[in-house]
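Nothing here was measured: the structure is a model prediction, and the numbers come from that model. Start at 1 and go down the list; that is how both ligands and their atoms are numbered. Computed over heavy atoms, backbone and side chain alike; hydrogens, waters and symmetry mates excluded.
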Amino acid sequence: MNLTFRDELFQQAKDWVLEAGETIRNKIYDPLTISTKADRNDLVTTMDRNTEYFFMANIRKTYPDHFILSEEGYGDALEALDGTVWIIDPIDGTMNFVHQKRNFAISVGIYHDGIGEIGFIYDVMADVLYSAKRDEGAYKNHTVLPQLSMQKNIYESILGLNHFWLCDNRLVDEKVIQDLVKTVRGSRTYGSAALEFASVAEGIMDGYMTMDLAPWDIAAGIVIVNETGGRTTNAFGEPINLLQKNSVLTCNPAVQEKIINDYMEKGRK
Ligand code: IPD
Ligand code: CA
Ligand code: CA
């Protein structure tokens, strides 16, 4: 992707992300229409749909040759990542949005021929924007994020993971996950994959591991984590395929191999 065009695209996408966030903030206490999707805890609201529609309408008008991969149905049915693809989760952390009115994010990744060029994760209520361009570093608002420490060891790490690893685990023996949780210093569950990626990029969490995430949950996060020296693979160290769901481990590289070799591979079902 031509770098001048990428700068323009970054600025345009940033403006739309901030505008969408402001709309959500202004309407945060408006009555919500809440529906369920795959199961009774898989929530979607009119705000999710309206926010995705806002991006879709703007992208189609301004960049008619770009593609969209997104959660709520306004995107394209893609079988490849050729060309420029916007990968959008209009609200990541809808359960938090509904119940807590905070701790949710807008996540927008822009890929060109399969390569992540631009990422935005906007913590809407905190008004904190994580952003990155490939090879140009990652930012938290206007502050550049430092490179992740290579001195980390697993005993002093904080790991993000959710209860599915312990109670509905299709991938790894639960006992191994229990050992991993006992080994690390602490574990956290924030309920927004995008914000958990942003926390890994910022180095306030050393890894985030989850069983089943869609492309829009992780596309922006991958770009941002890459820029602070982190690595993202599936939970067994294999490459992510952004055209399908994946297990995910995004991590400080100093602890990634240990998590995979000493725990995930050992307990793999
Ligand atoms: C969800 C959140 C959550 C993760 C789920 C995702 P949504 O996204 O990122 O933290 O555990 O797997 O589906 O549905 O709120 O956009
Ligand atoms: Ca999501
Ligand atoms: Ca969502």
Side-chain angles (χ1 to χ4, degrees), residues 16-17 20-21 23-24 27-28 32-56 68-75 86-109 119-126 130 158-172 177 187-201 204-205 207-225 232 234-235 240-250:
W16 288 337
V17 167
T23 304
I24 296 173
K27 296 178 181 230
I28 193 74
L32 279 174
T33 307
I34 306 164
S35 329
T36 55
K37 296 193 285 188
D39 59 61
R40 72 182 181 87
N41 297 324
D42 185 8
L43 308 180
V44 61
T45 72
T46 39
M47 191 70 88
D48 297 69
R49 295 201 173 106
N50 293 347
T51 303
E52 185 170 310
Y53 186 89
F54 165 84
F55 281 104
M56 181 278 293
I68 301 169
L69 193 59
S70 56
E71 182 167 21
E72 307 304 347
Y74 294 111
W86 296 60
I87 308 181
I88 301 174
D89 193 337
I91 297 184
D92 181 64
T94 297
M95 198 184 288
N96 289 349
F97 169 68
V98 169
H99 287 266
Q100 304 184 333
K101 309 282 185 205
R102 73 187 80 161
N103 299 329
F104 59 88
I106 297 171
S107 174
V108 175
F120 292 103
I121 294 173
Y122 188 32
D123 181 337
V124 172
M125 300 314 286
Y130 295 88
I158 295 186
L159 182 63
L161 80 182
N162 60 35
H163 63 279
F164 295 115
W165 289 109
L166 300 170
C167 67
D168 182 24
N169 196 335
R170 289 160 279 124
L171 302 182
V172 184
I177 302 292
S187 60
R188 296 287 183 273
T189 305
Y190 294 151
S192 158
L195 291 179
E196 303 193 83
F197 266 78
S199 299
V200 171
I204 60 173
M205 203 155 76
Y208 166 59
M209 190 169 76
T210 184
M211 238 185 285
D212 209 12
L213 287 181
W216 38 84
D217 297 318
I218 61 175
I222 291 172
V223 179
I224 296 170
V225 166
T232 306
N234 78 5
I240 295 283
N241 177 350
L242 277 178
L243 290 165
Q244 61 178 46
K245 284 194 156 192
N246 296 267
S247 67
V248 173
L249 172 62
T250 188

Worksheet item: With a cut-off of 3.0 Å, does Gly93 place any N/O/S atom under that distance from the Ca ion (ligand 3)?
Response: no
Worksheet item: Looking only at side chains, do Asp48 and Thr94 share a donor and an acceptor under 3.5 Å apart?
Response: yes
Worksheet item: Less than 4.5 Å apart, any side-chain heavy atom of Met56 and any of Ser70?
Response: no
Item to complete: Determine whether Trp216 and Ile88 make a side-chain contact, defined as any pair of heavy atoms from C-beta on separated by less than 4.5 Å.
Response: no
Discussion item. Is the contact between Ser192 and ligand 1 made by the side chain, the backbone, both, or neither, using heavy atoms and a 4.0 Å cut-off?
Written reply: backbone
Practice prompt. Would you please classify the geometry between the Tyr208 ring and the Phe197 ring as parallel, tilted or perpendicular, with 30° and 60° separating the classes?
Written response: perpendicular
Worksheet item: Nearest protein heavy-atom contact for atom 14 (O) of ligand 1: which residue, which atom, what distance?
Response: Glu71 OE2, 3.8 Å
Response to the item:
Numbered in order shown, the ligand 1 atoms found under 4.0 Å of a heavy atom of Thr94 are 15 (O)
Worksheet item: How about Gln100 and Met125: do any of their side-chain heavy atoms sit closer than 4.5 Å?
Response: no
Worksheet item: For ligand 1, which part of Asp89 has a heavy atom less than 4.0 Å away: the side chain, the backbone, both, or neither?
Response: side chain
Discussion item. So for ligand 1, is Thr210 a polar contact partner (N or O within less than 3.5 Å, distance only)?
Written reply: no
Discussion item. More than 12 heavy atoms of other residues, nucleotides or ligands under 6.0 Å from NZ of Lys27: yes or no?
Written reply: no
Worksheet item: Is Asp42 close to Thr36 at the side-chain level, that is, under 4.5 Å between some pair of heavy atoms?
Response: no
Practice prompt. Tell me which protein heavy atom sits closest to atom 1 (C) of ligand 1, plus the residue, atom name and distance to 0.1 Å.
Written response: Asp92 OD1, 3.9 Å
Worksheet item: If you measure from atom 4 (C) of ligand 1 to every heavy atom of Asp217, Leu161, Leu213, which option wins on shortest distance?
Response: Leu213
Discussion item. Looking at the Ca ion (ligand 2), is there an N, O or S atom belonging to Glu71 that lies under 3.0 Å away from it?
Written reply: no
Practice prompt. To the nearest 10 degrees, could you say what angle the Ca ion (ligand 2) makes with OD2 of Asp89 and OD1 of Asp217?
Written response: 100°
Worksheet item: Would you call Leu43 a ligand 1 contact, heavy-atom distance under 4.0 Å?
Response: no
Worksheet entry | Non-hydrogen atoms of Ala194 and Ile121 that approach each other most closely | O-CD1, 3.3 Å
Worksheet item: Which atom pair, heavy atoms only, marks the closest approach of Pro90 to Glu71?
Response: CD-CB, 4.4 Å
Discussion item. If we ignore hydrogens and angles and just use 3.5 Å, is the side chain of Asn169 paired with the main-chain N or O of Leu166 as donor and acceptor?
Written reply: no
Worksheet item: Considering only heavy atoms of Ile91, which atoms of ligand 1 have at least one such atom less than 4.0 Å away?
Response: 16 (O)
Worksheet entry | atom 3 (C) of ligand 1 [closest protein heavy-atom partner, distance rounded to 0.1 Å] | Gly191 O, 3.7 Å
Worksheet entry | Protein heavy-atom partner closest to atom 11 (O) of ligand 1 - residue, atom, separation in Å | Asn162 ND2, 3.8 Å
Item to complete: State the atom name: nearest N, O or S atom of Asp92 to the Ca ion (ligand 2).
Response: OD1
Worksheet entry | Nearest non-hydrogen protein atom, atom 7 (P) of ligand 1 | Gly93 N, 3.7 Å
Discussion item. Test your reading of the model: is there a side-chain donor-acceptor pair from Asn246 to the backbone of Ile240, 3.5 Å cut-off?
Written reply: no
Item to complete: Within a distance under 4.0 Å of any heavy atom of Ala193, pick out the atoms of ligand 1 and give their elements.
Response: 2 (C), 9 (O), 10 (O)
